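Reviewing the structure listed below.
Note that the structure is a prediction, hence the values are computed from the model and not measured.
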Amino acid sequence: MNVRRVESISAQLEEACSTGDSVEDELEMATVRHRPEALELLEAQSKFTKKELQILYRGFKNECPSGVVNEETFKEIYSQFFPQGDSTTYAHFLFNAFDTDHNGAVSFEDFIKGLSILLRGTVQEKLNWAFNLYDINKDGYITKEEMLDIMKAIYDMMGKCTYPVLKEDAPRQHVETFFQKMDKNKDGVVTIDEFIESCQKDENIMRSMQLFENVI
């Protein structure tokens, strides 16, 4: 989900809320295999209002009538935003970041919790989410190989439409620079504390991280 897409979702929420167009009846009558949790609970767990959650659920249901999305469907939807490149690998990593319980499906609840952070989270919350994205095997550490896998996936998706055209070794050079700055104790892995501290203290890293938010 890129920044323009996120901004579009935010604008749609504001417009729909201002019109007072209620979809509560439709929400209650919807027949899906996976029903969302009580709106009050989701409202407490996210930064969205009940009205916004109703609107988001209507959009989610239109895209995913079953109420959940599997990885293949997620890749198909995501590829529409980046037709100029190959988004398959990055969409795989992004799907795993949204699939917090690792059951092979992203539910409405999973989607809302992730979107809440991306749209309205604090810097700390967004960096925590980004760390989880880069920590591919979810062991609590980012290795150079994991960071390289993510960077390659991003360049595969975005590199073909950049000018000047990026060199093939650009992802590795990017990772070498990042990792050298982040791995404070030189133990070959980056912890979440090292990751957050580096992003917050180094303007260049933070700027790069913000740029890569454009493909989330």
Side-chain angles (χ1 to χ4, degrees), residues 1-7 9-10 42-48 71 74 78 81-82 87 89-103 106-107 109-159 162 166 169-216:
M1 185 173 298
N2 59 26
V3 162
R4 288 189 297 275
R5 178 64 171 168
V6 168
E7 289 174 346
I9 292 173
S10 185
L42 270 181
E43 186 178 359
Q45 293 176 338
S46 72
K47 299 179 188 294
F48 297 117
E71 184 171 340
F74 186 88
Y78 200 74
F81 302 123
F82 298 93
S87 64
T89 304
Y90 186 77
H92 164 73
F93 295 137
L94 192 60
F95 179 86
N96 286 340
F98 272 100
D99 181 17
T100 53
D101 52 7
H102 311 301
N103 65 351
V106 171
S107 66
E109 292 83 0
D110 295 331
F111 174 69
I112 285 301
K113 290 170 186 176
L115 189 64
S116 175
I117 293 172
L118 295 175
L119 274 176
R120 298 175 181 174
T122 64
V123 171
Q124 180 87 12
E125 288 171 333
K126 289 180 178 179
L127 288 176
N128 280 327
W129 199 93
F131 180 88
N132 179 57
L133 173 67
Y134 280 82
D135 180 17
I136 295 173
N137 67 359
K138 312 305 177 192
D139 66 350
Y141 302 95
I142 298 175
T143 65
K144 189 179 292 186
E145 290 73 23
E146 286 175 320
M147 188 175 286
L148 183 58
D149 284 344
I150 296 287
M151 289 293 180
K152 282 181 177 178
I154 291 172
Y155 277 85
D156 283 345
M157 183 169 55
M158 302 293 291
T162 60
L166 295 165
D169 62 346
R172 186 173 295 278
Q173 291 178 354
H174 205 141
V175 168
E176 288 293 342
T177 301
F178 269 21
F179 213 85
Q180 185 176 2
K181 292 181 178 180
M182 289 185 177
D183 185 13
K184 302 292 186 182
N185 60 1
K186 308 302 178 187
D187 63 351
V189 295
V190 172
T191 65
I192 190 167
D193 290 336
E194 289 175 323
F195 180 81
I196 291 175
E197 181 183 357
S198 299
C199 290
Q200 290 180 329
K201 287 187 176 180
D202 191 303
E203 186 177 341
N204 291 327
I205 292 179
M206 180 62 88
R207 188 181 302 116
S208 295
M209 291 301 301
Q210 288 170 341
L211 285 175
F212 283 121
E213 283 181 5
N214 290 346
V215 297
I216 290 179

Under 30°, 30 to 60°, or over 60°: which ring-plane class applies to [X] and [Y], parallel, tilted or perpendicular?
X: Phe195; Y: Tyr134; result: tilted
X: Tyr78; Y: Phe82; result: tilted
X: Phe98; Y: Trp129; result: perpendicular
X: Tyr155; Y: His174; result: perpendicular

Atom [atom1] in [X], atom [atom2] in [Y]: separation rounded to 0.5 Å?
X: Thr191; Y: Glu197; atom1: OG1; atom2: CD; value: 9.0 Å
X: Asp149; Y: Phe93; atom1: CG; atom2: CZ; value: 5.0 Å
X: Thr89; Y: Lys152; atom1: OG1; atom2: NZ; value: 10.5 Å
X: Asp187; Y: Glu194; atom1: CG; atom2: CD; value: 6.0 Å
X: Asn96; Y: Asp135; atom1: CG; atom2: CG; value: 11.0 Å
X: Lys144; Y: Met151; atom1: NZ; atom2: CE; value: 13.0 Å

To check you understand the geometry: which heavy-atom pair defines the closest contact between [X] and [Y], and what is its length?
X: Leu118; Y: Lys126; result: O-CE, 3.5 Å
X: Lys181; Y: Ser198; result: O-OG, 3.7 Å
X: Met182; Y: Cys199; result: CE-SG, 4.1 Å
X: Leu148; Y: Val175; result: CA-CG2, 3.6 Å

*In sequence, state the C-alpha distance, the side-chain angles, and the governing distance for Gln45 and Ser116, and then conclude on side chain to side chain contact (heavy atoms under 4.5 Å, CB included).*
CA-CA 9 Å; Gln45 293 176 338; Ser116 175; over 6 Å; no
What I'd like to find out is whether the side chain of [X] reaches to under 4.5 Å of the side chain of [Y], using heavy atoms alone.
X: Asp156; Y: Tyr90; answer: no
X: Leu115; Y: Phe48; answer: yes
X: Gln173; Y: Thr177; answer: no

Do any N or O atoms from the side chain of [X] and from the backbone of [Y] form a donor-acceptor pair under 3.5 angstrom?
X: Glu146; Y: Asn137; answer: yes
X: Asp110; Y: Gly114; answer: no
X: Asn128; Y: Asn132; answer: no
X: Asp183; Y: Val190; answer: no

*Kindly write out the residues that satisfy salt bridge (Lys or Arg N to Asp or Glu O under 4.0 Å) with Lys47, not counting sequence neighbours, or none if the list is empty.*
Glu125
*Is a side-chain donor-acceptor pair under 3.5 Å present for Ser107 with Glu109?*
yes
_My understanding is that only residues two or more places apart in sequence, or in another chain, count here; which of them pass ring-ring contact (aromatic ring centres under 6.0 Å, His included) with Phe179?_
none
